[in-house]
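Structure first, commentary second.
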Amino acid sequence: GVSSKWKSFSYSVLPAPIIGALVPGPLPTKAIVVAAFAAAQSAYFLAQAEYCLARATDAVALKARSAAVCDTYANQGARSAAVLPFTSALASLCAAATAAIVELPFLESMAATGGPAG
């Protein structure tokens, strides 16, 4: 919740002034120590943010690559499906040719006998 955000903020902001207060010496020395420690903290948190950003970028790239593979498979399926009407028409032609070849001897025998009634 909100209190955990404030705790996290306090844990990341307060160490530099506390360490500066514990360092012996005059105020300018303490200020230099606080500034150096704060710069180190900033570099650490920047590195953490860069790491999270790099992981997110990698995840997006993986998803984009997966989408490209899916698109390739979809295009391949569409290309395969485009052949189906031709193969269906070819199958119908083969069925008609087979029926004609099977019926042709029957029609010849009917013509030789003088018709269906004979």
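Residue numbers run from 1 in the order of the sequence given.
- Taking the side-chain contact (heavy atoms from CB on, under 4.5 Å) definition, one finds that Phe9 meets it with Trp6, Val13, sequence neighbours left out.
- Take Thr57 and apply the side-chain contact (heavy atoms from CB on, under 4.5 Å) test, not counting sequence neighbours, and it matches Leu53.
- Legend: side-chain hydrogen bond (donor to acceptor under 3.5 Å, both in side chains) pairs involving residues 76-95, not counting sequence neighbours: none detected.
- Applying the side-chain contact (heavy atoms from CB on, under 4.5 Å) test to Leu14 and every residue at least two apart in sequence or in another chain returns Ser10, Ile18.
- The two residues Gln41 and Pro15 come nearest to each other via the heavy atoms NE2-CG, 3.8 Å.
- For Ile19, the side-chain contact (heavy atoms from CB on, under 4.5 Å) criterion is met by Val23, Val33, Phe37, not counting sequence neighbours.
- When all heavy atoms are compared, the tightest approach of Ala16 to Ala38 is CB-N, 4.2 Å.
- The side-chain hydrogen bond (donor to acceptor under 3.5 Å, both in side chains) search around Gln48 returns Tyr44, not counting sequence neighbours.
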